[in-house]
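This one's a predicted model, so the numbers in the text were calculated from it and none came from an experiment. Chain identifiers are assigned alphabetically (A, B, ...) following the order of the sequence lines, protein sequences preceding nucleic acid strands; residue numbering begins at 1 within each chain.
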Amino acid sequence: MSIASKYDPHVVEEKWYSYWLEKKLFHSEPDNRKSYTIVIPPPNVTGVLHMGHMLNNTIQDVLIRRARMLGFNACWVPGTDHASISTEAKVVAMLKERGIDKRDLSREQFLEYAWEWKEKYGGIILKQLRKLGASCDWDRTSFTMDEVRYESVIRVFVDLYNKGLIYRGVRMVNWDPQALTAVSDEEVIYKESHGKLFYLRYYLSQGTVLPEGSEESGIKSDEKGQYIVVATTRPETILGDTAVCVHPEDSRYTALKGKQVVVPGVGRAVQIIMDEYVDREFGTGALKITPAHDINDYNLGMKYGLETIDIFNDNGTLNEKGLQYAGMDRFACRKQIVKDLEAAGLIEKIEDYTNKVGHSERTDAVIEPKLSAQWFVRMGDLAKKALEVVENDTIQFHPAKFKNTYRHWLENIKDWCISRQLWWGHRIPAYYYDVDGKVETVVALNREEAFRLVCEKHPGVVKSADELRQDEDALDTWFSSWLWPISLFDGIRNPDNEEIKYYYPTETLITAPDIIFFWVARMIMAGEEYRNEVPFRHVYFTGIVRDKLGRKMSKSLGNSPDPIELIEKFGADGVRMGMLLTAPAGNDIPFDESICEQGRNFSNKIWNAMRLVKCWEVSDELQQSYDNGVSVQWMEMRMAQVLEEIEKDFDEFRLSEALMKSYKLVWDDFCSWYLEMIKPAYGTPIDRETYEATIGIFDRLMRILHPFMPFVTEEIWHTLAERPEGASIMVQHMPHSVFYDQRMLDDFEMTREIIAGVRNLRNSKGLSPKEVLDLYVKGQCPAMFNGIICKLGNVGKIESVADKVEGALSFMIGTTECFVPVSLNIDKEAELKKLNEELKYAEGFLATVMKKLGNEKFVNGAPEKVVAIERQKKADAESKIAALKAQIEALG
RNA sequence: GGGAGUAUAGCUCAGUUGGUUCAGAGCGUCUGCCUUACAAGCAGAAGGUCAUUGGUUCGAACCCAAUUACUCCCACCA
């Protein structure tokens, strides 16, 4: 038979993926089996596969394939996310390249381009997932903006609004005065910039008299009166000042409590407020408060009921509140106001100062914090329920340490701002109209419905639906993602449909820990609100894939390998295995291409094991030998033992451990031991019974490995035996652990050690593996595997002896002495040295044991079992020491 | 600034309720082998003061405290 000695994944992977698709093996329909559902964390629709996806989706595939083989109705639903911010940014950039400015387009025109873009690049990432072997039910592929998902999102918005859980409020946004739009936090780039820190004088209001002795503190005075000094980097914003704040425990300013100061150059008297927010060390410890132009100031303004004075126009020029500076650009104003204040003697000093200033990623303009009306979801009750189900382990986190992070966030949660100043996304279904010069709002599923509501509320005010003005903003992308596990099965629009009842709740969510708040927490909230049930039972947090220097993978660093190229190089199975081996849950993965080599080598190892087995000539006449019978028995038991461990690992989501154990079971136990044990001598046949047993074992080993390495296992499974048309390993039963005899396994461990001892002896003495040696054993030794020892150690005969053998090399396994007579001269010096070292070690060991046993507190305090073990150790050590001493004496 | 986490062999990680000499695995390294499935392989070996310092205990890699270093998340420095 001619089978290539190297496994070639390329043909195999193509072949089996098409086969699986063709036989509809990934597709799921509700039936009477138990469901096992995973919903994919939807990747950005215009994204391309990176290493993070590889890891995440490999894990999902492992779990879903295993569930399928365990007899569940496994359903893995794929889909993509419209990702408002990043997709819109990409479309804007694309338009710019074509010489089109977004501002010149209408909303409709822009969206047309955006959909065009989506059609062109959307879903590339899903195609790439197929290369990885992902067993998604592709018939169910969804998009967060397709019809079902769109309607679900809008319905939820309307519903929450009607329940009073959605409201409109004020919030500080990052305003780009050049693009005339708000930009997201992610689009703000903080740059170091060299500016000045201006120290301004705020005089106390006329008539204010401070008590004696306050001069040496923060309060100064000159001919014009008493004043305090406030430091600022943005002197132009004093036009919007409505307070000055100091720390309540700052002794320099205690006298100021309840007093007022005058904003320099503006003449407005503002109150002094006291709050612990102020950093006493910074500047003079006094802070000017401009609620309209700084988020912290805004919060303080809310807390103390301060007036909010917005001094800017949208384009960054001063408005009428800017007094004589109205119409000037904000930076020109800064220069002018400094000049004017200096002239008026209101500036104490100016220092150089370096700080970080936010710039717009799109236009590079300096970001202006600006108050604006936004939509919010009330988090109170939703958060409470979401916290509860994680605290009481209805939902389990793996690893559990993320519960802490989760708790902290939910306990300090703020309302969720869900409006975004974007076009690409779900447009907010709020409609505005005017009644007596006042703007009124209705929220409805669509314009017609809105019109109907308006007619009820204010009959005759609005003539037609077209007159209603719909909100220009789109919803935060997470406002659609949080419904994903429900909306995928149409559970929002049709809450009682068969699919949602069957597939929901899903089983496990696999995601990265950095979106625990954005996504995980909110899905839990939505699940509680709309299904009254958690969306998943387990959350498996993957690590972040880094390069081998520990840096995050990023495009700009160019340190992210192309997963598709990796698959080309090492095969999908190799890459999958490489990723999983170094990826315990929640740990970051320092990724190095070379770890995929181990996976590739393993594929090859299995391939060659198959080659070996398939090239044996099978004899029907030959009786199974005793040794072969024992070998089969041992392998079966060993497999049962490891399976037990693997099952436990899966229960605890220790996937790397489970894979490593499977790896060693196949490579070490099966290939290195079992196959060597039963391998017939060259040119001789193997008996049928052993052969069939071996095929059976091989078959089950492939099933164990299948979730990790789907392609190579399918290929080999088909090679091992004739399979009916349409058969596939992916729908075979996963082997279960069965009873095994621990004694027999322990005996074999001893056998292994004896064989290793003999081999080691050869190695260290330069004896050829071809030279047959004899073995004499003094002490306990299982005879069951003697034939195996002879075969694998190339031992001629094994004899049990009562006394030590003169002139032989020796080694000890526990308290058992093994002697190997050799023809060559024994190097007495070296032997003595080795024996003395062992003796020294054994005596040291005995000493520690004796110390323990001599300690009354130990003997009385420790459990009996532990003491008994110590006594046994003492006895073993003593007999070992006696044996070693005897050997040393014999040599010397 | 607030919160969370990590520290064990050259690298990546196990180590379950404190109790066997418990200090482990894989990779890498070194030595010897082209042995008839596989050199993408086979047979062996070496490698660690369990970050540091104290404490609790008969007994600590494990529990407690402090220190040091690193990582992540959130908020952002007037």
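Listed nucleotides: B:rA14, B:rG19, B:rG44. Nearest to the side chain of A:Arg759: B:rG44. Nearest to the side-chain atoms of A:Asn604 among the listed nucleotides B:rG41, B:rA40, B:rC27 stands B:rA40. Residue A:Lys401 has its side chain nearest to B:rG5 when only B:rG5, B:rA40, B:rC73 are considered. The nucleotide whose nearest atom lies closest to any side-chain atom of A:Leu612 is, among B:rA37, B:rG5, B:rU36, B:rA37. Among B:rA37, B:rA40, B:rC74, the nucleotide with an atom closest to any side-chain atom of A:Phe518 is B:rC74. Nearest to the side-chain atoms of A:Ala756 among the listed nucleotides B:rG44, B:rC42, B:rA40 stands B:rG44. Taking the side chain of A:Trp667 as heavy atoms from C-beta on, and the options B:rC38, B:rA14, B:rG41, the nearest nucleotide is B:rG41. For A:Asn404, taking side-chain heavy atoms from C-beta onward, the closest of the listed nucleotides B:rA4, B:rC42, B:rU36 is B:rA4. Here B:rC38 is the nucleotide among B:rA4, B:rG26, B:rC38 with the atom lying nearest to any side-chain atom of A:Arg611.
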For this session: Toss me the dot-bracket line for RNA chain B: Watson-Crick and G-U wobble, both under 3.5 Å, 5' to 3', using | for pairs to another strand and [ ] for crossers.
Result: (((((((..((((.....[....)))).(((((.......))))).....(((((..]....))))))))))))....
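Annotation: B:rU17 and B:rA61 have their C1' atoms spaced 16 Å apart (nearest Å). Using P as the reference atom, B:rC34 and B:rA51 are 44 Å apart when rounded to the nearest Å. Nucleotides B:rU6 and B:rU52 place their C1' atoms 16 Å apart, quoted to the nearest Å. Look at the C1' atom in both B:rA60 and B:rU8: the space between them is 14 Å, to the nearest Å. B:rA9 and B:rA46 are spaced 11 Å apart, taking the C1' atom of each and rounding to whole Å. Taking atom C1' in both B:rG5 and B:rG44, one finds a spacing of 40 Å when rounded to whole Å. B:rU71 sits 32 Å from B:rG55 when the P atoms are compared, rounded to a whole Å.
When the salt bridge (charged side-chain N to carboxylate O under 4.0 Å, His left out) test is applied to A:Asp352, the partners found at least two apart in sequence or on another chain are A:Lys196. In this view, A:Lys414 satisfies the salt bridge (charged side-chain N to carboxylate O under 4.0 Å, His left out) rule with no residue, not counting sequence neighbours. For A:Ser879, the side chain to side chain contact (heavy atoms under 4.5 Å, CB included) partners are A:Thr815, not counting sequence neighbours. Residues meeting the salt bridge (charged side-chain N to carboxylate O under 4.0 Å, His left out) test with A:Arg638, sequence neighbours left out: A:Asp669. In terms of the side chain to side chain contact (heavy atoms under 4.5 Å, CB included) criterion, residue partners of A:Asp294 (sequence neighbours excluded) are, by chain and number, A:Asn296, A:Asp297. Looking at residues two or more places apart in sequence or on another chain, you find no salt bridge (charged side-chain N to carboxylate O under 4.0 Å, His left out) involving A:Lys6. By the side chain to side chain donor-acceptor pair (under 3.5 Å) test, A:Lys191 is found to be paired with A:Asp364, residues two or more places apart in sequence or in another chain being considered.
Looking at A:Glu676, its side chain comes within 3.5 Å of the base of B:rA37 through a donor and an acceptor atom.
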What's touching nucleotides 47-49 of chain B from the protein side, N or O pairs under 3.5 Å?
none

Are there any protein N/O atoms within less than 3.5 Å of an N/O atom in nucleotides 63-66 of chain B, and if so, which ones and at what distance?
none

For nucleotides 75-78 of chain B, print each protein N/O atom paired with a nucleotide N/O atom at under 3.5 Å, atom names and distance only.
residue, atom, partner, partner atom, Å
B:rC77, N4, A:Lys356, NZ, 3.1
B:rA78, OP1, A:Asn355, ND2, 3.4
B:rA78, OP2, A:Tyr353, OH, 2.8
B:rA78, O3', A:Thr232, OG1, 3.3
B:rA78, O3', A:Thr233, N, 2.6
B:rA78, O3', A:Thr233, OG1, 3.2
B:rA78, O2', A:Ala231, O, 3.3
B:rA78, N6, A:Asp279, O, 2.8

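At least one side-chain heavy atom of A:Arg522 sits under 4.5 Å from a side-chain heavy atom of A:Trp416. Taking 4.5 Å as the limit, some side-chain heavy atom of A:Pro264 sits within range of a side-chain heavy atom of A:Tyr202.
Side-chain nitrogen and oxygen atoms of A:Tyr663 include at least one within less than 4.0 Å of the OP1 or OP2 phosphate oxygen of B:rC27.
Residue A:Lys403 is classed as having no contact, given no heavy-atom separation below 4.0 Å to the nucleic acid.
Side chain of A:Thr694 to main chain of A:Thr690: a donor-acceptor pair is present (N/O by atom type, distance under 3.5 Å, no hydrogens or angles).
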Review item, side-chain donor-acceptor pairs of residues 593-602 of chain A, under 3.5 Å, at least two apart:
residue, atom, partner, partner atom, Å
A:Glu593, OE1, A:Lys569, NZ, 2.7
A:Ser594, OG, A:Asp592, OD2, 3.3
A:Gln598, NE2, A:Tyr663, OH, 3.4

